[in-house]
Amino acid sequence: MDQYVIKGGNPLVGEVEIGGAKNAALAILAAAIMTNETVVVENLPDVRDINVLLEAMEKIGAKIERLDSHSVKINSSQIGNFSVDYEYIKRIRASYYLLGALLGKYKRAAVPLPGGCNIGSRPIDQHLKGFKALGADVKIEYGFIVTEAEQLRGSHIYLDVVSVGATINIMMAAAMAEGSTVLENAAKEPHVVDVANFLNSMGANIKGAGTDVIRIKGVERLHSTEYSIIPDQIEAGTFMFAAAATMGDVTVKNVIPKHLEATTSKLLEIGCEIEELDDAVRVVSSKRLKSTNVKTLPYPGFPTDMQPQITVALALAKGTSIVTESIFDNRFKYVDELARMGANIKVEGNTAIIDGTLQYTGARISSPDLRAGAALVIAGLAADGYTVIDDVHFIERGYERFDEKLRSLGAIIEKVEDERDIQKFRLKVG
Ligand code: EPZ
């Protein structure tokens with residue numbers, strides 16, 4: 001099993017290029033099967049989740065041609081199987097985007113019901129409510145969500161909770177329904193807008209993405225397109241908090257600064273300096289961080305996917321901070337690992353009360369999930385001494401060449417396989 005070994009204490013300094021947004025890419029790839037014509041998707045991140053989804057798409061009959069590590073050509077004219085294997089949903093929940101895409105195009109789909117995951121129970125009732133409102137029959141049978149419709153019909157749908165996944169899944173199905181759909185209380189995340197833009201580039205008629213109300217006029221067919229995915233705001237934010245926690249000076253390049261506003265405003269509050277350029281943001285951290293309070297919220301609020309990263313920084317800040325997680329019910333698992341590095345954090349329900357410590361000390365820890373894993377790497381980079389992080393496969397689900405990008409900023413980090421590699425690393429770096 002791969003691990004990261006880190007010698008902490010070096011401020012991160014330099015520039016880092018941010019890749020395409022994983023969570024936009026997952027939905028866009030699924031939506032690409034909604035046309036028989038060829039689609040080219042560019043600026044894909046080369047990460048595990050994307051590669052698994054592409055395998056799932058191949059398995060149902062899509063033709064996938066890798067143009068290079070960040071672009072792919074997809075032709076779905078030969079799709080003959082409308083059922084997605086459990087193997088894929090187990091490895092990546094977002095394979096459920098194939099449900100909305102297949103239902104929209106072929107009016108039928110069967111996808112295994114995803115279970116909970118490491119960050120909490122994750123119901124998909126709102127996705128199913130949307131499909132039913134569009135006139136689909138939806139059943140749970142033998143562990144699968146089985147849905148079909150003779151004809152999908154536009155409808156007025158109000159989401160009871162703001163859900164990124166439900167907004168996207170319903171938008172895909174409604175894009176090829178007969179008539180108009182109004183989707184209210186929709187998620188406004190930049191990747192929701194990106195998926196709408198992608199579908200529109202294939203001939204869909206979707207208006208209002210990025211606001212609470214999305215209006216979709218169904219079309220009969222979608223056509224070929226070439227599309228480039230937006231930059232990953234969470235990858236960018238992760239490097240920004242890494243700069244903050246290590247007293248560094250990092251410029252994240254190829255970003256849309258507007259998408260990072262919740263992150264930059266918190267960094268300013270805790271005492272970092274921020275310089276915003278057209279497509280880059282520079283974070284300078286030159287004195288001990290200050291405490292603050294933060295609550296995760298749907299966009300444009302502070303993203304839950306940045307909650308572990310800000311917590312790692314706040315645990316080094318002067319004073320007491322409170323972090324409230326309002327999206328998922330079990331997203332503080334990593335706090336016990338952080339405590340092993342010297343953090344003083346008390347979790348009560350969905351709130352973490354953090355009493356800042358002056359410095360972390362390196363320890364052997366495990367990554368419980370994708371974002372928490374990246375946050376623990378930040379802690380290791382800020383810590384005195386060596387940190388070994390197990391289960392880095394979680395991190396590789398969503399961060400491309402994470403260790404390499406960090407090394408380019410001066411971090412001392414390597415991916416290793418066993419104890420011998422760890423000893424070699426220690427001998428090498430002293
Ligand atoms: C997406 O998950 C992201 N995943 C998550 O990123 C992200 O944390 C999350 O949005 C919130 O921003 C992808 O885009 C692939 P939701 P999703 O539906 O769509 C409840 C990462 O680290 N809910 O917006 O599953 C749900 O339980 C991952 O990259 C219902 O109750 O999130 C949660 O409390 C982790 N019923 C809240 O809504 C539903 O039918 C928001 O979930 C759907 C959701």
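Counting begins at 1 with the first residue of the sequence. Just so you know, ligand 1 is whichever comes first in the structure, and atom 1 is the first atom listed for that ligand.
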Atoms of ligand 1 close to [X] [distance to a heavy atom under 4.0 angstrom, numbered from 1]:
| X | answer |
| --- | --- |
| K22 | 21 (C), 29 (O) |
| H127 | 40 (O) |
| L370 | 22 (O), 29 (O) |
| G165 | 18 (O), 19 (O) |
| Y96 | 17 (P), 19 (O), 25 (O) |

[X] side chain to [Y] side chain, donor-acceptor N/O pair below 3.5 angstrom:
| X | Y | value |
| --- | --- | --- |
| R66 | N51 | yes |
| T387 | Y360 | no |
| Y399 | D232 | no |
| E325 | N350 | no |
| N36 | K105 | yes |

Residue part near ligand 1, for [X], under 4.0 Å between non-hydrogen atoms:
| X | answer |
| --- | --- |
| D305 | side chain |
| R331 | side chain |
| P123 | both |
| V161 | side chain |
| Q126 | both |

Salt-bridged, D212 to K188, with N to O below 4.0 Å?
yes
Report task. State whether K59 and D85 are salt-bridged, where the test is any N-O pair (Lys NZ or Arg NE/NH1/NH2 against Asp/Glu carboxylate O) under 4.0 Å. Result ->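 Salt bridge present between K59 and D85.
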Around [atom], find the nearest protein heavy atom and jot down its residue, atom name and distance.
| atom | answer |
| --- | --- |
| atom 2 (O) of ligand 1 | R122 NH2, 3.2 Å |
| atom 3 (C) of ligand 1 | N23 ND2, 3.6 Å |
| atom 36 (N) of ligand 1 | D125 OD1, 2.8 Å |
| atom 18 (O) of ligand 1 | S163 OG, 2.6 Å |
| atom 26 (C) of ligand 1 | F328 CE2, 4.2 Å |
| atom 29 (O) of ligand 1 | R371 NH2, 2.7 Å |

ask   = If you look at every heavy atom in N185 and V161, which pair is closest and at what distance?
value =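 Shortest heavy-atom contact: ND2-C, 4.2 Å.
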Minimum heavy-atom separation for D369 and R371, please, with both atom names.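 D369 and R371 have their closest heavy atoms at OD1-N, 3.2 Å.
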Could you say whether the N/O atoms of I119 and ligand 1 ever approach to under 3.5 Å?
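For ligand 1, there is no N or O atom that lies under 3.5 Å from one belonging to I119.
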Counting only nitrogen or oxygen atoms and a 3.5 angstrom limit, does T304 reach ligand 1?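 In this structure, T304 places no N or O atom under 3.5 Å from an N or O of ligand 1.
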Exercise. Got more than 12 heavy atoms from elsewhere within 6.0 Å of CD, Q151?
Worked result: yes
_Parallel, tilted or perpendicular: which one describes the rings of Y96 and H127, with boundaries at 30° and 60°?_
perpendicular
Next on the checklist: Between F402 and F239, is the ring centroid distance below 6.0 Å?
Outcome noted: yes
Next item on the list: From atom 1 (C) of ligand 1, work out which of I327, I168, D160, V164 has a heavy atom at the shortest distance.
Entry: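 Result: the heavy atom closest to atom 1 (C) of ligand 1 is in V164.
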